[in-house]
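Taking it in order: structure first as structure tokens, then the write-up.
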Amino acid sequence: MSPEGLDLAAPQSASIAPGTSPRLISWLDWLRYGPFLAQVIVTRRCNLSCGYCTEYDKTSEPVPFDVLRQRLELLRDLRTWAVSLMGGEPTLHPNLLRIFSTMRVLGFRRRMMTTNGLLLTKEIVDGLNNSGMTDMSLSIDGVKRNATTRKVLNVLRRKLDILAERAKFDVVVSAVIGTAPREEVLEVVEFAKSRGFTPRLLVLHNEHGQMGLSSEELAVYAEVKQLFGRRVTEEAHGYRERLIQNGEAPFRCRAGARYLYIDEFGMVRWCAQTRMAFGKRLSAYALEDLRQHFYSEKACSDKCSVGCVRTASALDQWRSQHSSERVGAVS
């Protein structure tokens, strides 16, 4: 075991026969309603205590590997295209490399992780390369530590250099508006570009998935877009621009269908910000659930700033939602 408790000697394959499952949905049904992305919580524990975060604790045990394998098999049966490991902090899971090996064997096309990066080492990055990871995402809250966060460039610089030198997977590094002054946001974006990462700009949202930018933060957003181009700031039909200009950006949310959030208890949620609004066990989730939630309207959608949900929903904006099939609303 490594000093962080990560099993670096994990096997690079998993003994899971692909076979066919009676639960496996058809490709046609997947095209109609199936998941593009599932985010899976592997541990709620985190090694940080960022002041703005509501998605971690300091006490939870990692979800056991065998339980996670069963959940991944269920997601395979729903023909999920991409799976992203989430936390808390996923690198705290002792079987992280084994999980990625299992994801590769199960055939997920994109095998992803969101991490704070603090526990990354050369050995872990090499292990992730060999285990079949395809994408990593990190968000950096500024350059200097402050009372809210230490997930900053001055702390992470060496870890990011290791990624630049060794990673064979794609790395997205996001600067965050709402956690640092203007010059620090710009420095993070410039650093990401200089190391060959994909730079992105995120806007801090609250526990309800909604954002509120001050006039100073709006100016930073506009400056980043001007300096680095729209690719850094825009996604999912430019929803952030519409939120900024109009205070809302209505869309047809497909959470529960195109996007699945699987919490540490194995419950399917609409997203992290609506965990109390809807829940159903993944083990009981089936085609009818995908269809129902594809068509269900969510009352929080107009002001939603959860980019992963909007991106997963973007392809189907031409398809209507029927209020008669609505399964609930989020206040």
Which pair of heavy atoms, one from His93 and one from Pro62, lies closest together, and at what distance?
CD2-CB, 3.5 Å

Between Arg275 and Glu264, does a salt bridge (charged side-chain N to carboxylate O under 4.0 Å, His left out) hold up when you go through it step by step?
CA-CA 12 Å; Arg275 278 177 278 170; Glu264 63 270 43; 5.5 Å; no

Do the non-hydrogen side-chain atoms of Arg252 and Asp316 ever get within less than 4.5 Å of each other?
no

In terms of hydrophobic clustering (I, L, V, M, F, W, Y; side-chain heavy atoms under 4.5 Å; direct or indirect links), are Phe169 and Leu97 co-clustered?
yes

Any Leu290 side-chain heavy atom under 4.5 Å of Arg258 side chain:
no

Does CZ in Arg145 sit with more than 12 non-hydrogen atoms of other residues, nucleotides or ligands closer than 6.0 Å?
no

Smallest heavy-atom separation, Leu243 atom then Ala249 atom, equals CD2-N, 3.6 Å

Backbone N/O of Pro250 and side chain of Glu248: donor-acceptor pair under 3.5 Å:
no

Grab the two heavy atoms, one from Thr43 and one from Ser60, that are nearest each other, plus how far apart they are.
OG1-O, 4.2 Å

Any donor-acceptor N/O pair, Thr80 side chain to Ala82 backbone, under 3.5 Å
no

Flag the pair Leu96 / Thr91 as yes when at least one side-chain heavy-atom distance between them is below 4.5 Å, and no otherwise.
yes

Are Asp289 and Val268 packed together at the side-chain level, in the sense that at least one heavy-atom pair is separated by less than 4.5 angstrom?
no

Taking every heavy atom of Met113 against every heavy atom of Phe100, the minimum-distance pair comes out as CB-CZ, 3.8 Å

Show the numbers, then the answer: is there a side-chain contact (heavy atoms from CB on, under 4.5 Å) between Leu85 and Met103?
CA-CA 10 Å; Leu85 304 187; Met103 291 163 66; 3.9 Å; yes

Point-to-point distance, once rounded to the nearest 0.5 Å, from CG of Leu153 to CZ of Phe191
5.0 Å

Please list, chain by chain and in numerical order, all residues satisfying ring-ring contact (aromatic ring centres under 6.0 Å, His included) with Trp27, sequence neighbours excluded.
Trp30

For Arg23 and Ser283, indicate whether the former's side chain and the latter's backbone hold a donor-acceptor pair under 3.5 Å.
yes

Under the criterion salt bridge (charged side-chain N to carboxylate O under 4.0 Å, His left out), I'd like the reasoning laid out for Glu73 against Arg76: C-alpha separation, chi angles, the key distance, then a yes or no.
CA-CA 5 Å; Glu73 290 172 343; Arg76 182 269 318 271; 5.2 Å; no

Interatomic distance, Ser301 atom OG to Arg310 atom CZ [nearest 0.5 angstrom]:
7.5 Å

More than 12 heavy atoms of other groups within 6.0 Å of Arg319 CZ
yes

Cationic N near anionic O, under 4.0 Å, Arg158 to Glu165:
yes

Step by step, would you call Leu118 with Val155 a side-chain contact (heavy atoms from CB on, under 4.5 Å)?
CA-CA 8 Å; Leu118 285 173; Val155 174; 3.5 Å; yes

Would you find a donor on one side and an acceptor on the other, under 3.5 Å apart, between the side chain of Arg110 and the backbone of Trp81?
no

4.5 Å side-chain heavy-atom contact, Thr198 and Val171:
no

Output yes when a side-chain donor or acceptor of Asn95 lies under 3.5 Å from a complementary backbone atom of Arg98, and no otherwise.
no

Arg254 to Tyr259, cation-pi by 6.0 Å centre distance and 45° axis angle:
no

Supply the atom-to-atom distance Asp77 CG to Leu24 CG, rounded to the nearest 0.5 angstrom.
5.5 Å

I'd like to know if the side chain of Glu89 reaches the main chain of Asn116, judged simply by a donor and an acceptor atom lying under 3.5 Å from each other, with no hydrogens or angles considered.
yes

Are the side chains of Arg104 and Met133 in contact, using a 4.5 Å heavy-atom criterion?
no

So which heavy atom on Ala255 is nearest to which on Ser313, and how close?
N-OG, 4.4 Å

Identify the two heavy atoms, one from Cys253 and one from Val309, that lie closest to each other, and give their separation to 0.1 Å.
SG-CG1, 3.7 Å

Rounded to the nearest 0.5 Å, what separation is found between the CG atom of Leu120 and the CG atom of Asp161?
12.0 Å

Those residues at least two apart in sequence (or on a different chain) that pass ring-ring contact (aromatic ring centres under 6.0 Å, His included) with Phe197 are none

Listing request: all salt bridge (charged side-chain N to carboxylate O under 4.0 Å, His left out) pairs with a residue in residues 174-183, at least two apart in sequence or in separate chains.
Arg182-Glu223

With Glu184, which residues qualify under side-chain contact (heavy atoms from CB on, under 4.5 Å), at least two apart?
Val143, Lys144, Ala180, Pro181

Of all residues at least two apart in sequence or in a different chain, which pass the ring-ring contact (aromatic ring centres under 6.0 Å, His included) check with Phe251?
none

Quick one: does Asn129's side chain have a donor or acceptor within less than 3.5 Å of a partner on Arg166's backbone?
yes

Where the side chain of Arg111 meets the backbone of Phe108, is there a donor-acceptor pair that is under 3.5 Å apart?
yes

Where do Val188 and Val185 land on the side-chain contact (heavy atoms from CB on, under 4.5 Å) test, with the steps shown first?
CA-CA 5 Å; Val188 170; Val185 174; over 6 Å; no

Under 4.5 Å between side-chain heavy atoms, hopping through other hydrophobics if needed: is there a path connecting Leu31 to Leu260?
yes

Apart from Met267 itself, its cluster of hydrophobic side chains linked below 4.5 Å comprises Phe265

Audit row: Ser305, Lys303, side chain to side chain donor-acceptor pair (under 3.5 Å) steps and yes/no
CA-CA 6 Å; Ser305 65; Lys303 296 184 178 182; over 6 Å; no

So Leu138 and Leu163, side-chain contact (heavy atoms from CB on, under 4.5 Å) or not? Walk me through it.
CA-CA 11 Å; Leu138 305 94; Leu163 281 173; 3.9 Å; yes

Centroid separation under 6.0 Å, is that true for the rings of Tyr33 and His293?
no

Kindly say whether Tyr261 contributes a backbone atom to a donor-acceptor pair with the side chain of Gln39 at under 3.5 angstrom?
no

I'd like to know if the side chain of Arg195 and the backbone of Leu160 have a donor-acceptor N/O pair within less than 3.5 Å.
no

Is Leu128 linked to Val172 within one hydrophobic cluster, defined over Ile, Leu, Val, Met, Phe, Trp and Tyr using a side-chain heavy-atom separation of less than 4.5 Å?
no

Would a 4.5 Å heavy-atom cut-off, applied to side chains only, mark Ser84 and Thr114 as touching?
yes

Please say yes or no: joined through hydrophobic side-chain contacts below 4.5 Å, possibly via intermediate residues, are Ile25 and Leu75 part of one cluster?
yes

Intermediate values then yes/no, side chain to side chain donor-acceptor pair (under 3.5 Å), Thr274 and Lys298
CA-CA 10 Å; Thr274 59; Lys298 289 87 173 178; over 6 Å; no

Above 12 or not: heavy atoms from other molecules or residues under 6.0 Å from CZ of Arg109?
no

To the nearest 0.5 angstrom, please state how far the CD1 atom of Ile140 sits from the OG atom of Ser174.
8.5 Å

Quick one: are Ile162 and Thr121 in side-chain contact, heavy atoms under 4.5 Å?
no

